[in-house]
Amino acid sequence: MNERSDRRGAPRRGTGNKNRPPEPALPDSVTPRDLDPAVRRDLSSLDKTNSENVARHLVMVSQLLAEDPALALEHARAAQRRAGRIAVVRETLGVAAYSAGEWAEALTELRAAKRMSGDVSLLPLIADCERGLGRPERAVEVARSEEARALTGEGAAELRIVESGARLDLGEPEKAIVTLQTADLDPSRQGTEAARYFYAYAAALLAGGRRDDAITWFMNAAAADIDDETDAELRLTELAEDGASSFATDAVPTEPLTERYDAILADLDGTVYAGKDEIPGASGALAGLNVYYVTNNASRRPAEVAEHLTELGFETTVDRVVTSAQSAARLLADQLPPGALVLVVGTDGLADEVREVGLTVTRSADDKPAAVVQGHSTETDWAMLSEAVLAVNAGALWVACNIDPTLPTERGFAVGNGSMVAAVAHATGKRSQVAGKPAAPLMKDSIAAANAERPLVVGDRLDTDIAGANEVGADSLLVLTGVSSALDAVRAEPAQRPTYVARDLAGLAQKLAPAAAGAPGWRIEVQGNQLRATRSADATDEGLLPALLAAAWSAADRTDWVVVAGDDAASAIDHWGLDLG
């Protein structure tokens with residue numbers, strides 16, 4: 001390397017004014033032309049001399065980042081002191097500080113760069129800095145933010161890797177596993193990105209006690225890692241040498257679910273009752289627990305719901321009922337001035353909730369309402385839906401209490417509010433805001449009502465109850481007493497996968513392991529979209545579903561699984577009500 005020297009033969013420091021700290025040396029061999037033209041254009045607002053010096057410092061950062069991150073950081077700091085108002089300079093300093101492990105500085109600079117440029121591709125680094133600062137819960141918040149949803153491809157995959165690591169930091173291996181269960185888990189992929197993704201998934205599986213699955217994905221990572229960017233092969237060697245006992249975990253719980261959580265957030269329809277009838281054993285299973293009842297059904301006010309529950313034998317009070325009607329009314333109040341006119345499509349109970357938050361109710365679009373709120377009612381007809389269409393087309397804000405397509409009744413599944421919301425959407429070409437599950441408002445309101453730090457969401461629907469729990473980062477229990485079946489759980493997409501599965505609410509008193517923890521005695525062979533189940537002598541009927549979930553959720557993401565099993569599995573199939581291919 002040729003460097004300019006001063007009269008004493010030492011490398012000349014970069015230029016700077018008298019108030020600027022000394023800068024690292026800039027070799028003559030490094031010129032502004034070595035910098036990417038697009039970045040050079042970003043520096044065009046600087047004077048020529050300053051622009052050239054900043055460009056050369058940025059070139060040095062790129063050359064030194066891998067081999068000497070500390071010196072690369074000095075060059076990045078020098079560039080920032082000269083051009084701190086240029087986003088790419090702040091970003092470069094953030095990346096250099098990140099590479100040097102200076103988490104606080106990296107976080108400050110990356111946030112500044114994102115604010116200046118609007119570049120959401122910096123979110124994975126920002127989230128990982130939060131982890132580096134010992135704040136994994138903030139990393140999860142970044143990963144689950146609205147901005148993060150704009151990421152696609154490699155950026156989205158990288159953020160999932162960070163979120164999975166944060167989940168492991170928080171002691172949540174099952175959530176770490178679910179976070180990575182996407183189409184990116186394709187063993188045919190190769191390259192560094194694929195290897196890092198497979199490696200992260202293997203690490204999560206290992207932390208969750210699924211050693212055999214972890215070995216498979218460390219092998220996939222090693223095969224994909226053509227540039228040797230991971231130590232997957234070393235991890236495989238360690239696993240082979242240490243044996244299973246070295247990686248034993250607390251995968252087998254020692255206490256029932258009720259002792260792991262400070263509140264139960266229970267769905268109603270399909271979970272504790274079907275129509276007017278209690279689901280057998282539900283009231284007894286919930287007796288004595290800290291239960292809050294959370295319902296998407298907006299047709300009745302909390303007092304009516306509490307009265308119905310009490311008549312069925314449940315122990316509750318009105319303050320322990322949280323409805324989507326309440327959350328929808330709050331959403332409206334947050335966006336409208338006091339007294340604003342709202343067209344109500346739903347019951348008088350929904351109208352009362354709207355009035356409770358200081359808004360005015362109408363039933364006619366001719367009154368030019370500022371908003372429309374739509375909740376379930378058996379009396380909603382063509383005329384009322386048409387009023388909603390007229391108001392929405394005229395520009396009214398539109399909030400749906402929930403979008404459940406069906407409603408469980410004692411006779412079966414009837415039309416739900418979501419089907420009627422879909423009719424308005426089809427007629428207007430617009431989409432509503434949603435208050436109920438799986439959207440966050442109702443879930444956040446119920447957690448706040450329970451003042452819960454570790455709630456367990458319990459419900460019968462993957463698309464609302466379980467997806468809603470995942471939306472706010474809460475654990476969940478799927479009960480198979482309503483809409484979703486065991487096969488639905490096997491086929492569930494990542495956003496709808498529960499933490500636990502039980503046949504009914506009696507599972508709350510059981511020492512349930514995570515849904516996809518697997519089970520001894522069952523061998524599940526994956527062939528295309530088929531899951532072939534074979535049992536051995538020590539297999540239990542109860543273990544079939546966990547074994548199927550472990551196999552399905554660890555494979556490439558798909559929703560068309562078919563279960564195939566021999567006659568020896570008939571009792572287990574019947575136990576879970578599984579459909580066979």
Side-chain angles (χ1 to χ4, degrees), residues 253 255-297 305-306 308-317 320-323 404 407-410 413 437 442-443 446-447 449-450 452 454-470 474-489 492 496-515 517 541-543 545-546 549 574-578:
E255 69 284 327
L257 286 186
T258 52
E259 295 182 16
R260 301 179 218 170
Y261 300 92
D262 59 1
I264 304 297
L265 306 181
D267 176 56
L268 292 177
D269 297 305
T271 301
V272 303
Y273 57 61
K276 297 179 180 179
D277 301 326
E278 174 196 0
I279 289 175
S283 60
L286 296 175
L289 302 180
N290 183 28
V291 184
Y292 282 74
Y293 295 95
V294 184
T295 179
N296 263 1
N297 192 330
V305 175
H308 181 204
L309 287 168
T310 301
E311 291 173 350
L312 293 176
F314 293 88
E315 303 169 356
T316 193
T317 55
R320 287 179 173 268
V321 177
V322 187
T323 73
D404 297 9
L407 179 70
T409 72
E410 60 270 25
F413 299 124
K437 299 171 284 187
L442 177 58
M443 299 306 304
S446 60
I447 292 172
R454 187 162 175 74
L456 178 68
V457 176
V458 183
D460 68 298
R461 297 188 70 127
L462 293 168
D463 59 342
T464 57
D465 305 314
I466 306 308
N470 290 334
D475 286 356
S476 61
L477 168 66
L478 173 70
V479 291
L480 305 178
T481 52
V483 173
S484 296
S485 67
L487 186 58
D488 291 332
Q496 297 182 9
R497 290 172 181 169
T499 314
Y500 311 98
V501 178
R503 288 190 298 172
D504 52 37
L505 288 174
L508 287 169
Q510 298 171 2
K511 299 176 182 179
L512 291 183
D541 290 350
E542 194 77 22
L545 185 58
L549 294 176
D574 184 62
H575 177 86
W576 286 109
L578 277 161

In sequence, state the C-alpha distance, the side-chain angles, and the governing distance for N290 and Y261, and then conclude on side chain to side chain contact (heavy atoms under 4.5 Å, CB included). CA-CA 9 Å; N290 183 28; Y261 300 92; over 6 Å; no

Tightest non-hydrogen contact, residues S485 and L480, listed as C-CD2, 3.8 Å

Grab the two heavy atoms, one from R260 and one from E255, that are nearest each other, plus how far apart they are. NH2-O, 2.9 Å

Output yes when a side-chain donor or acceptor of S484 lies under 3.5 Å from a complementary backbone atom of L462, and no otherwise. yes

When rounded to the nearest 0.5 angstrom, what is the spacing between CG in L257 and CD in Q510? 8.0 Å

Student check: side-chain heavy atoms of V458 and L508 closer than 4.5 Å: yes

Rounded to the nearest 0.5 Å, the CG atom of L456 sits from the OG1 atom of T499 at a distance of 7.5 Å

From OH (Y292) to CD1 (I447), nearest 0.5 Å: 12.5 Å

Exam field: side chain W576 to backbone L487, donor-acceptor pair closer than 3.5 Å: no

For a quick test of reading the model, state the closest non-hydrogen atom pair linking L309 to V272 and the distance between them. CD2-CG2, 4.1 Å

For side chain to side chain contact (heavy atoms under 4.5 Å, CB included), just list the numbers for L268 and V305, CA-CA rounded to whole Å, side-chain angles, deciding distance to a tenth of an Å, and then say yes or no. CA-CA 9 Å; L268 292 177; V305 175; 3.4 Å; yes

Using 30° and 60° as the class boundaries, would you call the ring planes of Y293 and F314 parallel, tilted or perpendicular? perpendicular

L512 side chain near L477 side chain, heavy-atom distance below 4.5 Å: yes

Distance, nearest 0.5 Å, that separates CG of L478 from CG of D465: 8.5 Å

Does any non-hydrogen side-chain atom of L505 lie less than 4.5 Å from one of L286? yes

Side chain to side chain, T271 and I279, heavy atoms closer than 4.5 Å: no

Locate the shortest heavy-atom distance separating G507 from A502; write the atom from each residue and the value. CA-CB, 3.8 Å

Would you call K437 and D267 a salt bridge, taking side-chain N to carboxylate O under 4.0 Å as the test? yes

Expected output: side-chain R454 to main-chain D262 donor-acceptor under 3.5 Å: no

Strictly distance-based, threshold 3.5 Å: is any side-chain N or O of E278 a donor or acceptor partner for the main-chain N or O of S283? yes

Could you state the interatomic distance from CG (D404) to CG (D463), rounded to the nearest 0.5 Å? 6.5 Å

CG-CE distance between L265 and M443, expressed to the nearest 0.5 angstrom: 6.0 Å

Heavy-atom nearest pair, S446 first then V294, reads CB-CG2, 3.5 Å

Is there a donor-acceptor contact under 3.5 Å linking the side chains of D460 and T481? no

So which atom in A509 and which in P256 form the shortest heavy-atom distance, rounded to 0.1 Å? O-CB, 3.4 Å

